[in-house]
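Worksheet for the structure shown next.
Naming: A, B, ... by sequence-line order, numbering from 1 per chain. Excluded from the calculations below are hydrogen atoms, water molecules and symmetry mates; all remaining heavy atoms, backbone and side chain alike, are included.
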Amino acid sequence: MSADRLSVRHDDGEPLLQVAELRTHFRTPRGMVRAVDGVTFTLERGKALGVVGESGSGKTVLARTVMGLLPKRNVNTSGSVRFGGVEMLGLPQRQMRELWGTEMAMVFQDPMSSLNPLMKVGKQITEPLRFHMGMGKSDSIATAERLLRDVRIPEPRRRLNQYPHELSGGMRQRVMIAIALACGPNLLFADEPTTALDVTVQSQILDLIAEQRRDRNMAVILVTHDLGVVANYTDEIAVMYAGRLVEKAPTRTLFSNMKMPYTKALLRSIPKLNLPSHTRLDTIPGRPPDLVHPPRGCRFAPRCANARDRCTEEEPPLLAADSDDHTYACWYPVGSPEYREREEQLKRLDDRRVLAAEEAG
Amino acid sequence: MTTTSMDTMTAMPDAASDERVATKRRLPKLGVTFGVLWLGTLIFLAVFADFMPFIRGYGQSLDGATNTRFGPGIDFWFGSDTLGRDVFARCIYGARTSLTIASASILVGTVVGGTLGMVAGYFKGWVDRVISIFTDSLLALPAIIIASLLVGRFDVLADSDIKFLGFGFGWMSRTWSVTIVFSLLSIAPVARIVRAQTLSLSQREYVLAARSLGASTRRVLWREIVPNVIPALTAVIFTGIAILLAAEGGLAFLGYSVPRPPSWGSMIADDRDKIEEAWWTSIFPCFMLFFTVLAFNLIGDRLARRFDIREAAL
């Protein structure tokens, strides 16, 4: 095993993760589902990247492809995933296993089902420690206790001897995080880590991940459908739509200067506290496109209020905005003259409708 | 739950309804208690029959008596048969034979079928196809006909001088051949259930989580899948034993019984024509069979229900 040990490098200036033109296609009876279709990004050490998009936009598949967790059968992947200078795509499972846990780990969406119900919490934490780090029994138990304390679980000693069903959802997600952190990974995937938890626990869990990221200089890929969630916890945000990256920018830039109408629509669909009650929430009309036959041109065009003829004919390339690290794929981005013109038309229409309603009512 | 919250709301605890709820919950346990007690006693007696002063030998006849057939009474609890053998003792020794055959077969079936089912369910693809075709064909066979056919062939084999890899088949008594046949027949149902369980378990997030932490396939199978299959499997095992016990009776009825020590099936089969003069010789083994099958079923049901609840709470 040691003969073909992977030489993952962590010293030179190379970024931790480089993903280029990544495509993941599922062969299904209906045809090829292009779940991830040409995604490119890089992630530096210790940074946090948020991947945002609706359900079915390919976020989870992207994370699982990068990690190498997808089944081989009926899955076509192409492109490149370089982790610490090593090409990961196409590595055999045996070699991937050396990286899983120690180099990269994943926290899953549903803490209710991601712990083995029949194994004590302690056992589930100590197993990877003993397996990967070669720790002895007492060593691993001590480390597990420390890990549980790190993730703010009260009475860690007692928890080690409990089964998952004795813990609450938030507690279980903490345990999941502790397990994922156990072997000191350099990259943590958090696949909607808070979706199954209630709101008060959400921020605790995200704070915890952020804190652990700082302490361990660990890179994090945070997959979520909630722009609000990523805003406070990421350095960079990548917005996905129908298997493609449609906008990518440093978090601050994205929120101050978003270019893609889809990003804007996503942001608008989040309820805001300062709006009066009973304000109708802006939704994005329609559904995400069928990934077997994605629409021609821009994939968001059929649902985009600002779409013009060109949008349905030509696919917009990823363009650089004001700075190099802000890219977007849109012919008529937010702020462009065409966009503003359409905005005004829509607003006039809306006003007229309100007026008509008032007259009628 | 609802009752308690209602009570606190109305602040008038209704003692009667509370009690009704409590007894309702206790009721199902009766069956299981009976099952456990019955099986416990039976297994204890069967194992230690040789050391029990009140259990006579199963082949032992009464010496010097002219009339050897007694009805149930103080001396012979279940009466004695035509040859003056104690029916109670034979029932106990019968338990030994019947239970050994049934549990040994289900053990083999579980190990072989469980492995096949787990491999099929976890690896899917062509492995699954091959195993599924194999188990489906086994299930398509008419079990009792195959069983009687095979036992008959094994009898011929045991009497012959045929050698396989230098070994003869003289050792193969009826006990052995029935066990072998039942083992074969119990592989397919177990494999099927384990396969289905594994299919759904392998999609669980904790299996993916274990893989994402670098667990090997063997580790995932042993630590994540097997422990989670076992609850369902125990239920299957108990029901399976019950079915095999009854099947052994059926086989005995067809003449392929285990003569010594007699199984319940063979006792019933041997004495069923004397039911007019000596009903006790065949009715008591019938009762034994009935209550034992019932006990296994009750326990199996209880286990299934219990683990279902646990499963639902996941």
Side-chain angles (χ1 to χ4, degrees), chain A residues 1 60 63-64 67-74 93-120 123-125 127-133 163-166 172 175-177 179-183 185 187-189 191-192 196, chain B residues 114 118-132 194-195 197-236 303-314:
Chain A
M1 201 118 126
T60 298
R64 293 198 180 170
M67 183 130 175
L69 276 176
L70 287 177
K72 291 267 181 297
R73 195 172 303 124
N74 293 328
Q93 287 260 324
R94 190 170 44 84
Q95 291 192 312
M96 293 297 296
R97 274 210 295 277
E98 290 176 27
L99 299 176
W100 288 341
T102 53
E103 287 292 342
M104 43 175 75
M106 190 176 256
V107 175
F108 292 90
Q109 179 171 352
D110 184 6
M112 297 303 177
S113 64
S114 46
L115 288 167
N116 186 341
L118 297 182
M119 217 193 271
K120 282 181 180 163
K123 191 116 206 155
Q124 303 197 41
I125 306 178
E127 276 215 329
L129 285 172
R130 295 164 76 170
F131 184 70
H132 287 301
M133 319 293 268
Y163 286 95
H165 74 265
E166 296 174 77
R172 281 190 233 182
V175 171
M176 270 314 289
I177 293 171
I179 294 175
L181 295 177
C183 300
L187 174 59
L188 180 74
F189 291 92
D191 187 357
E192 308 220 17
Chain B
M118 211 165 70
V119 167
Y122 190 76
F123 293 104
K124 306 187 188 92
W126 65 268
V127 188
D128 181 26
R129 284 241 183 128
V130 172
I131 292 175
S132 290
V194 172
R195 173 180 172 271
Q197 281 280 320
T198 312
L199 269 178
S200 89
L201 286 174
S202 64
Q203 296 305 313
R204 294 281 166 87
E205 221 146 54
Y206 57 79
V207 173
L208 194 66
R211 288 215 303 130
S212 78
L213 287 166
S216 61
T217 306
R218 206 181 57 199
R219 218 177 169 74
V220 169
L221 282 176
W222 272 112
R223 307 302 309 255
E224 313 287 330
I225 307 276
V226 170
N228 285 293
V229 168
I230 279 175
L233 207 52
T234 9
V236 174
L303 287 173
R305 213 166 16 188
R306 202 193 146 115
F307 291 129
D308 263 346
I309 291 163
R310 199 196 55 82
E311 191 94 319
L314 273 182

Quick check: does any side chain N or O of B:Gln197 sit under 3.5 Å from a backbone N or O of B:Ala232, one acting as donor and the other as acceptor?
-> no
Chain B contact via A:Gln93 - which portion, at a heavy-atom distance below 4.5 Å | side chain
Side chain / backbone / both / neither for A:Leu69 at chain B, heavy atoms under 4.5 Å = both
Check each atom of A:Met104 against the heavy atoms of chain B and say whether the ones under 4.5 Å are side chain, backbone, both or neither.
-> backbone
Is the shortest side-chain N to carboxylate O distance from B:Arg219 to A:Glu127 below 4.0 Å?
-> yes
Side chain / backbone / both / neither for B:Ala210 at chain A, heavy atoms under 4.5 Å | neither
Does any N or O in the side chain of A:His132 come within less than 3.5 Å of the main-chain N or O of B:Leu213, such that one atom is a donor and the other an acceptor?
-> yes
Shortest non-hydrogen pair, A:Cys183 vs A:Gly101, comes out as CB-O, 3.3 Å
Checking A:Trp100 side chain against A:Met67 main chain: does a donor-acceptor pair fall under 3.5 Å?
-> yes
Against chain B, label A:Ala182 side chain, backbone, both or neither, depending on which of its atoms sit under 4.5 Å from a heavy atom there.
-> neither
